[in-house]
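To keep things clear, I will list the structure first and then write my remarks on it.
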Amino acid sequence: MIEQLLDLALQQGADAAEVFQSRSHSRPVYFEANRLKQLESVESEGTSLRIWRNGQPGLAVAYGEIAPEDLVRRALSISQLNPQEPLDLQSPYPTANLDVGHPVSVEQLLSWGRESIEQIREHYPETLCTAAWECDHEEIHLANTAGLNCHYTDITLSSDLAVEWVRGDDFLSVSDGESQRDRLNPCQITEPILQRLAWATENVPCPSGRLPVLFTAKAADLLWGTIQAALNGKQALEQSSPWSSQLHQQVLSPLITLSQQPQRGPYSCPFDDEGTPTRPLTFIERGRLQLFYCDRRVGRLMGSGSTGNGFRPGLSSYPTPGLFNLIVEPGSGSLQELIAQLDQGLIVDEILGGGGGLSGDFSVNVALGYRVEKGQVLGRVKDTMVSGNVYTALREVVCLGGDARWNGSCYTPSIWVEGLSVTGQG
């Protein structure tokens with residue numbers, strides 16, 4: 001079908017064409033109120049055709065069954081509405097199509113789910129657990145009229161567990177999850193949850209003022225989302241990134257090194273959504289800005305070329321710069337060891353609200369946080385807000401933990417920053 005679409009596009013007057021096809025099959029297992037709720041099997045298939053005629057690009061999408069003539073006609077019609085742009089297709093290159101991961105049976109997902117709930121209720125029988133365990137199979141196929149034809153399949157396992165604990169008028173919700181390649185370990189999820197439930201036995205007031213804040217690996221996404229936006233070559237090109245003119249300069253703490261590793265962890269990506277090969281990249285080394293990530297268009301305009309980071313937000317979207325498998329190089333020490341070094345401060349484990357955006361300014365409610373004094377967790381804090389600026393905070397890093405974990409496609413450890421504005425009831 002892909003070859004048919006390419007041939008038909010050329011026959012109908014296109015100068016060049018590209019077909020991007022995505023298939024996915026997901027088998028989630030859901031638990032609610034400590035019991036199995038439902039089993040699902042979800043399949044989807046979509047095809048995106050991008051053509052150029054007289055230098056004008058056009059894009060059309062079909063889901064499920066494809067009518068090739070209709071798809072080509074729509075893409076050609078849309079191209080008439082767009083301005084001209086340089087034609088830039090990825091040429092063929094020697095590659096081995098990548099197939100990674102192994103499927104896991106529904107029975108195994110059920111077993112892991114039940115085991116995780118049993119481990120929680122063994123210690124806290126009054127809690128209610130909600131969980132989702134999933135095996136996701138994705139296949140990507142991309143071909144173009146320049147002769148490129150490549151594909152890969154990727155199987156990823158993921159789990160999420162949320163525990164609700166009601167004590168009189170007090171409601172507590174603690175959640176965690178993990179993503180892995182071949183096997184999930186219920187203990188990897190339940191042990192952090194049990195620790196946080198133990199810390200939350202007592203509610204304590206939180207002082208206001210400028211305090212050291214320890215973001216757990218789970219909460220550190222608040223910081224890294226802003227940094228990913230600042231590293232976007234499109235933002236740098238438009239002079240929107242605060243780092244647009246700071247290449248090779250010190251922008252963050254020397255403790256921070258950020259890189260992209262295409263073959264590491266539960267997600268793999270041998271090429272981006274334009275067919276450009278992905279490769280290991282270092283964006284920030286010891287706090288010094290080394291590189292912006294780009295798709296083919298942005299890389300051409302910046303004069304640096306594509307870094308293999310052209311991704312589609314959806315099938316109906318044109319490729320745009322995007323990140324995957326962002327690695328925050330961890331430091332040393334467990335979360336407990338970091339806490340033991342904290343004389344006074346706040347642990348942030350979950351937040352309500354979004355991050356700081358490109359400006360870096362944020363003010364968020366702490367959904368789950370704990371007060372620390374003299375290296376000991378005193379208890380859970382409520383009605384607390386944390387505010388500050390991401391860039392400033394990441395220039396004032398005390399240390400990074402050695403407890404890095406995957407949050408989606410970002411691998412991050414806990415991070416202790418010198419001081420943020422904390423507003424609490426104390």
Side-chain angles (χ1 to χ4, degrees), residues 25-42 101-137 155-203 216-219 221 265-267 334-337 339 347-351 367-370 377 379-380 382 401 403-408 411 413-414:
H25 180 202
S26 176
R27 292 176 298 163
V29 173
Y30 295 106
F31 293 84
E32 189 175 278
N34 303 327
R35 301 186 182 199
L36 177 64
K37 180 184 180 182
Q38 65 188 44
L39 310 177
E40 289 186 1
S41 180
V42 182
H102 301 284
V104 169
S105 67
V106 171
E107 290 74 19
Q108 181 62 76
L109 295 174
L110 286 169
S111 175
W112 286 335
R114 292 188 175 111
E115 183 181 348
S116 65
I117 293 173
E118 289 171 1
Q119 289 177 6
I120 296 294
R121 301 196 71 232
E122 179 183 353
H123 298 274
Y124 298 92
E126 67 275 28
T127 57
L128 292 176
C129 299
T130 301
W133 297 72
E134 184 173 353
C135 178
D136 186 57
H137 184 135
I155 299 175
T156 302
L157 307 177
S158 62
S159 60
D160 291 286
L161 176 63
V163 179
E164 296 179 356
W165 189 14
V166 180
R167 298 168 292 177
D169 295 332
D170 186 43
F171 174 82
L172 172 66
S173 177
V174 181
S175 62
D176 214 321
E178 69 167 342
S179 297
Q180 295 292 343
R181 175 65 68 201
D182 299 315
R183 177 177 175 79
L184 295 171
N185 184 352
C187 291
Q188 294 293 326
I189 307 174
T190 58
E191 288 178 0
I193 290 178
L194 289 171
Q195 177 65 82
R196 285 152 177 77
L197 289 172
W199 285 343
T201 302
E202 298 289 337
N203 292 330
T216 66
K218 184 172 63 172
D221 274 353
Y267 304 96
S334 65
L335 180 61
Q336 294 280 14
E337 289 171 331
I339 294 171
I347 300 171
V348 175
D349 191 52
E350 295 181 22
I351 62 170
L368 187 59
Y370 305 93
V377 177
R380 174 194 176 203
K382 299 176 66 176
D403 57 343
R405 52 173 286 175
W406 289 98
N407 287 326
Y411 185 72
S414 299

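Note that the coordinates shown come from a computational prediction; the quantities given were computed from them, not determined experimentally.
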> Step by step, would you call L110 with L39 a side-chain contact (heavy atoms from CB on, under 4.5 Å)?
Replying inline: CA-CA 9 Å; L110 286 169; L39 310 177; 3.8 Å; yes

>> Tell me if a side-chain donor or acceptor on Q119 pairs with a main-chain N or O of S116 at a distance below 3.5 Å.
In response: no

> For L157, does its backbone N or O pair with a side-chain atom of D136 as donor and acceptor, under 3.5 Å?
Replying inline: no

> Would you find a donor on one side and an acceptor on the other, under 3.5 Å apart, between the side chain of R181 and the backbone of P266?
Replying inline: yes

> Can you tell me if R121 uses its side chain to pair, donor with acceptor, with the backbone of I117 under 3.5 Å?
Replying inline: no

> Do the side chain of D349 and the main chain of A367 share a donor and acceptor less than 3.5 angstrom apart?
Replying inline: no

> Any side-chain heavy atom of I120 within less than 4.5 Å of one from I193?
Replying inline: yes

>> To the nearest 0.5 Å, what is the distance between CD on E134 and CZ on R27?
In response: 10.0 Å

>> For the CD atom on E126, are there more than 12 heavy atoms of other groups (residues, nucleotides or ligands in this structure) within a distance under 6.0 Å?
In response: yes

>> If the condition is salt bridge (Lys or Arg N to Asp or Glu O under 4.0 Å), which residues does E350 pass it with, not counting sequence neighbours?
In response: K218

>> For Y124, give me all partners under ring pair (Phe, Tyr, Trp, His ring centres under 6.0 Å), at least two apart in sequence or on another chain.
In response: W165

> Is there a side-chain contact between N407 and R405 (heavy atoms, below 4.5 Å)?
Replying inline: yes

> What is the ring orientation for W406 with Y411, classed by angle as parallel under 30°, tilted 30 to 60°, or perpendicular over 60°?
Replying inline: tilted

> Under 3.5 Å, is there a donor-acceptor pair between the side chain of E178 and the main chain of N185?
Replying inline: yes

>> Taking S414's backbone N and O only, do any of them form a donor-acceptor pair with D403's side chain (distance below 3.5 Å, no angle check)?
In response: yes

